[in-house]
Amino acid sequence: MTGVLDGRVAIVTGAARGVGRGIAVALAREGARVAVADVLSADDVLADVEAAGGEACAAICDIRDSAQVDAFVAAVVERWGTVDVLVNNAIATAIGPLHELSDDDLLLGFATGPLASAYFMRACFPHLRDGGRVVNLRSGTEQNGLPGYTAYVAAKAAVGGLTRAAAREWGRHGINVNAVVPFAVSEGTLSALDDDQVAGVLRQLSIRRPGDPETDIGRAVVYLVGPDSSYVTGTTLMLDGGGAFFS
Ligand SMILES: NC(=O)c1ccc[n+]([C@@H]2O[C@H](COP(=O)([O-])OP(=O)(O)OC[C@H]3O[C@@H](n4cnc5c(N)ncnc54)[C@H](O)[C@@H]3O)[C@@H](O)[C@H]2O)c1
């Protein structure tokens, strides 16, 4: 297989399903070797990658635990020699009115979002130097908020801060750090929104269909981690059909 990511080693968190799965397959189709960190079995995405003629591996990793993150990164380096690309995609979050959320509910989005992203960025830093790429997943809800999603929105806003600050700090180390805001109908979206809510979001889009995790979101991530974006850092690419949550 020849592609723009030939020889690159990528970690994608939360890629057992949804947007992450699409990103993992898109990177593999371009020749990257892809390691999937998830609490769910990644057998399906491994089969997708194999069917596409790519190479992937997976391990169960609870990204809330920095020791598991360190061990995962070490295992990837042991297997493939380095890490060139890190995509912090995983999230778990509690949904509900702020005043009803427990301590654990409040912690969940932060632990799986900005904190886990920082754990992975810290662990991967020595390998990412001089040419590495990081892509973090943000949300359109950061802009205007969304009732019932306060814990999620706050955690995603922290991912935005992490992305901007790390891009500033790591430019001199040769590491580009960017973010994307997707809209795609995934298992996560479907468990959070009912059919009417999904239809309501679609009505607000300029392009009135959900993004495809592989061809719409994954291909844009290929750009952000590939050779054509070497002068792009600290930016957020909107992959939301033109404004799902911004009107
Ligand atoms: N789908 C959308 O339209 C949309 C919109 C805006 C932002 N996003 C962002 O895109 C990313 C992917 O979203 P999605 O809709 O595919 O979500 P999803 O819920 O379908 O998938 C999330 C993945 O993260 C994994 N995960 C959860 N907790 C974990 C943990 N502790 N350790 C390891 N893995 C864990 C899950 O097992 C799952 O595979 C998220 O960061 C989300 O905030 C998605």
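Each ligand, and each atom within it, is numbered from 1 in the order the structure gives.
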Original post:
Is any side-chain N of the basic residue among Asp240 and Arg138 closer than 4.0 Å to the acidic one's carboxylate O?
Top reply: no
Original post:
Considering only heavy atoms of Gly188, which atoms of ligand 1 have at least one such atom less than 4.0 Å away?
Top reply: 18 (P), 19 (O), 20 (O)
**OP:** For ligand 1, indicate whether the residue Val39 contacts it via side chain, backbone, both or neither (heavy-atom separation under 4.0 Å).
**Re:** both
**OP:** Return yes if a side-chain donor-acceptor contact under 3.5 Å exists between Arg64 and Thr112, otherwise no.
**Re:** no
**OP:** Check ligand 1 against Val19 and write out every atom of the ligand that is under 4.0 Å from a heavy-atom position of the residue.
**Re:** 1 (N), 12 (C), 16 (O)
Subject >> Close-contact set for ligand 1 against Ile91 heavy atoms, below 4.0 Å >> reply: 22 (C), 24 (O), 27 (C), 40 (C), 41 (O), 42 (C), 43 (O)
Subject >> Inter- and intrachain pairs under ring pair (Phe, Tyr, Trp, His ring centres under 6.0 Å), touching residues 203-223, at least two apart >> reply: none
Original post:
Given Asn89, Ile217, Leu239, which one has a non-hydrogen atom that is nearest to atom 41 (O) of ligand 1?
Top reply: Asn89
Original post:
Who's closest to atom 26 (N) of ligand 1 heavy-atom-wise, of Ala90, Ala16, Ser186?
Top reply: Ala90
Original post:
Ala92 heavy atoms, cut-off 4.0 Å: which ligand 1 atoms fall inside?
Top reply: 27 (C), 28 (N)
**OP:** Under 4.0 Å, heavy atoms only, figure out whether ligand 1 is touched by the backbone of Arg138, its side chain, both or neither.
**Re:** backbone
Subject >> Beyond-backbone contact of Leu237 with Asn178, side-chain heavy atoms, under 4.5 angstrom >> reply: no
**OP:** Report the relative orientation of the aromatic rings in Phe125 and Trp170; use parallel for angles under 30°, tilted for 30 to 60°, perpendicular for over 60°.
**Re:** tilted
Original post:
Under 4.0 Å from any heavy atom of Gly18, which atoms of ligand 1 are there?
Top reply: 16 (O)
Original post:
Once you round to the nearest 0.5 Å, how far does OG1 of Thr150 lie from CD1 of Ile95?
Top reply: 11.0 Å
**OP:** Output the distance between atom OH (Tyr149) and atom OG (Ser139), rounded to the nearest 0.5 Å.
**Re:** 10.0 Å
Original post:
atom 33 (C) of ligand 1: which of Gly241, Cys61, Ala111 has the nearest heavy atom?
Top reply: Cys61
Original post:
Going by atom types alone, do Arg21 and Ser186 pair a side-chain donor with an acceptor below 3.5 Å?
Top reply: no
Original post:
Would you say ligand 1 has an N or O under 3.5 Å from any N or O of Ile63?
Top reply: yes
Subject >> salt bridge (charged side-chain N to carboxylate O under 4.0 Å, His left out) involving Arg17 - partner list, sequence neighbours excluded >> reply: none
**OP:** Determine, considering heavy atoms only, which of Thr93, Ile23, Asp38, Thr112 sits nearest to atom 39 (O) of ligand 1.
**Re:** Asp38
Original post:
For Ser139, is at least one N or O under 3.5 Å away from an N or O on ligand 1?
Top reply: no
**OP:** Number the atoms of ligand 1 from 1 as they appear, then name those within less than 4.0 Å of a heavy atom of Tyr152, with their elements.
**Re:** 6 (C), 7 (C), 8 (N), 42 (C), 43 (O)
Original post:
If you measure every N/O of Ala15 against every N/O of ligand 1, is any gap under 3.5 Å?
Top reply: no
**OP:** Examine the side chains of Thr163 and Asn136 and answer whether a donor and an acceptor come within less than 3.5 Å of each other.
**Re:** yes
Original post:
Taking atom 18 (P) of ligand 1 as the point of reference, which of Arg17, Lys156, Glu187 owns the nearest heavy atom?
Top reply: Arg17
Subject >> Criterion salt bridge (charged side-chain N to carboxylate O under 4.0 Å, His left out) on Arg164 and Glu169, from CA distance to verdict >> reply: CA-CA 9 Å; Arg164 280 190 297 278; Glu169 198 173 299; over 6 Å; no
**OP:** Just do the salt bridge (charged side-chain N to carboxylate O under 4.0 Å, His left out) check on Arg209 and Asp216 with the steps written out, would you?
**Re:** CA-CA 11 Å; Arg209 64 169 177 82; Asp216 292 315; 2.7 Å; yes
Original post:
Got an N/O contact under 3.5 Å between Asp62 and ligand 1?
Top reply: yes
Subject >> Atom indices of ligand 1, in the order listed, that fall short of 4.0 Å to a heavy atom of Arg64 >> reply: 31 (N)
Subject >> Candidate with minimal heavy-atom separation from atom 10 (O) of ligand 1, of Val198, Leu137, Thr189 >> reply: Leu137
